[in-house]
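What follows is one structure encoded as structure tokens, with my remarks underneath.
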Amino acid sequence: MVRQIEFSLPPFPRGYHLITGIIEKQIKDLPETGLVHIFIKHTSAALTINENADPTVRDDFESFLNKLVPEYDPVYRHVFEGADDMPAHLKASLLGPAITIPVSRRRLNMGTWQGIYLCEFRNHGGSRKLVITIYGE
Amino acid sequence: MVRQIEFSLPPFPRGYHLITGIIEKQIKDLPETGLVHIFIKHTSAALTINENADPTVRDDFESFLNKLVPEYDPVYRHVFEGADDMPAHLKASLLGPAITIPVSRRRLNMGTWQGIYLCEFRNHGGSRKLVITIYGE
Amino acid sequence: MVRQIEFSLPPFPRGYHLITGIIEKQIKDLPETGLVHIFIKHTSAALTINENADPTVRDDFESFLNKLVPEYDPVYRHVFEGADDMPAHLKASLLGPAITIPVSRRRLNMGTWQGIYLCEFRNHGGSRKLVITIYGE
């Protein structure tokens with residue numbers, strides 16, 4: 001069994017956002033055992049899995065990644081789409097465009113403290129398109 | 001065919017550890033062709049694939065990542081779980097919670113020098129839970 | 001349906017290279033719906049997805065990652081394979097050895113601006129082996 005859903009997230013501000021609930025609403029009727037692959041069709045945003053309880057973790061992701069991959073770095077030549085653009089591309093590859101999560105007993109089998117983050121790296125990224133692929137039996 | 005195994009690793013000290021042998025013991029009877037997905041159910045540890053021969057590579061991962069994502073960075077607000085906690089969350093997303101490896105002729109089809117690393121970012125992370133999903137035919 | 005292709009890329013110079021066209025030539029007859037997993041069998045090169053239009057983005061990846069993970073860092077103990085070797089291992093895990101892309105209507109379902117990058121971290125990496133696994137129905 002392979003099933004696919006393509007949909008758009010609502011626009012989120014720059015930062016790290018817990019979207020586990022939004023994803024779960026899209027993936028009803030999971031297989032007994034399998035995998036869910038979630039892919040973001042953009043090069044200036046990413047998906048990751050991290051701590052789902054304390055919002056300061058998401059704030060610290062924003063602060064720290066902004067230091068790690070700063071705007072206005074003198075090496076950048078790709079600067080004509082805004083100061084947030086090239087850092088967004090770099091962060092997108094460091095965190096990655098996709099996550100794959102096991103499905104067990106018809107549910108996402110993540111750890112207690114794991115949640116799905118949308119990482120929005122642009123100041124005005126707008127709505128982001130995701131493709132979810134579910135397979136299993 | 002989809003098959004899943006959930007199990008706990010023994011506790012490892014902070015650092016990078018080659019666990020290829022432990023994984024291979026868990027995944028007998030691989031399909032002729034397929035994929036193995038390995039997922040860690042934690043937000044302060046990660047899985048990656050890297051050099052399997054020289055232990056100084058794993059030491060250098062520990063030293064370098066500690067510099068790249070330092071403890072006591074003044075931007076951190078999430079500090080109440082210990083100095084190693086927020087860096088662990090950041091490293092977990094930089095390296096990722098899952099790896100997917102091709103299966104060919106009933107074996108993991110990695111390169112000669114590739115091995116599976118457990119990346120333990122906490123000082124006392126304890127036992128870590130993995131979910132392995134095998135599919136193929 | 002599971003299908004697998006193993007092949008070697010031509011040698012690329014150090015840097016970031018768009019290989020979407022090379023990959024597409026290898027994966028004819030995609031399933032209606034599914035996933036394509038692409039795995040690099042090396043620990044000093046990586047695969048990622050990023051901007052496919054402006055070559056300065058790839059140049060900026062090379063410049064910025066060289067600053068982020070510098071050669072001759074004093075913490076490195078694994079130095080006997082050349083100044084580019086340990087940074088290559090670190091970059092390989094930061095960007096990752098594999099990507100998984102959804103297949104929809106028999107085509108790779110990436111965003112308009114997404115392309116597949118070979119990230120060659122060695123000065124003389126030579127030809128790199130890839131394993132592509134296609135599954136779906």
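- Taking all atoms of both residues into account, the shortest heavy-atom contact from A:Met110 to A:Gly115 is CE-CA, 4.4 Å.
- Taken to the nearest 0.5 Å, the CD1 atom of A:Ile134 stands 6.0 Å off from the CE atom of A:Met1.
- Side-chain contact annotation: A:Thr133 with A:Gln4, donor-acceptor N/O pair under 3.5 Å present.
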* I would like to know whether A:His42 and A:Lys129 meet side-chain contact (heavy atoms from CB on, under 4.5 Å); could you show each step before the answer? => CA-CA 8 Å; A:His42 302 271; A:Lys129 277 178 269 179; 3.8 Å; yes
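- Heavy atoms of C:Tyr135 lying under 4.5 Å from chain A belong exclusively to its side chain.
- Nearest heavy atoms, A:Gly125 versus A:Glu120: CA-OE2, 3.7 Å.
- For the atom pair SG of C:Cys119 and CZ of C:Phe12, the computed distance is 11.5 Å after rounding to the nearest 0.5 Å.
- Heavy-atom pairs under 4.5 Å with chain A peak, among C:Leu94, C:Ile101, C:Thr100, C:Val103, at C:Thr100.
- For residues 44-80 of chain C, a heavy-atom distance under 4.5 Å to chain A picks out C:Thr48, C:Ile49, C:Asn50, C:Glu51, C:Asp54, C:Thr56, C:Val57, C:Asp59, C:Asp60, C:Phe61, C:Ser63, C:Phe64, C:Leu65, C:Lys67, C:Leu68, given by residue number.
- Annotation: residues 16-40 of chain C contacts chain A through C:Thr33, C:Gly34, C:Leu35 [non-hydrogen atoms, separation under 4.5 Å].
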* **Evaluation steps, side-chain contact (heavy atoms from CB on, under 4.5 Å), between C:Asp85 and C:Arg122** => CA-CA 7 Å; C:Asp85 190 60; C:Arg122 297 303 306 265; 2.7 Å; yes
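- Interatomic distance, A:Leu130 CG to A:Ile5 CD1, rounded to the nearest 0.5 Å: 10.5 Å.
- We find the OG-NZ distance between A:Ser93 and A:Lys91 to be 13.0 Å, quoted to the nearest 0.5 Å.
- Within the 3.5 Å criterion, the main-chain N or O of A:Asn123 finds a donor-acceptor partner in the side chain of A:Asp84.
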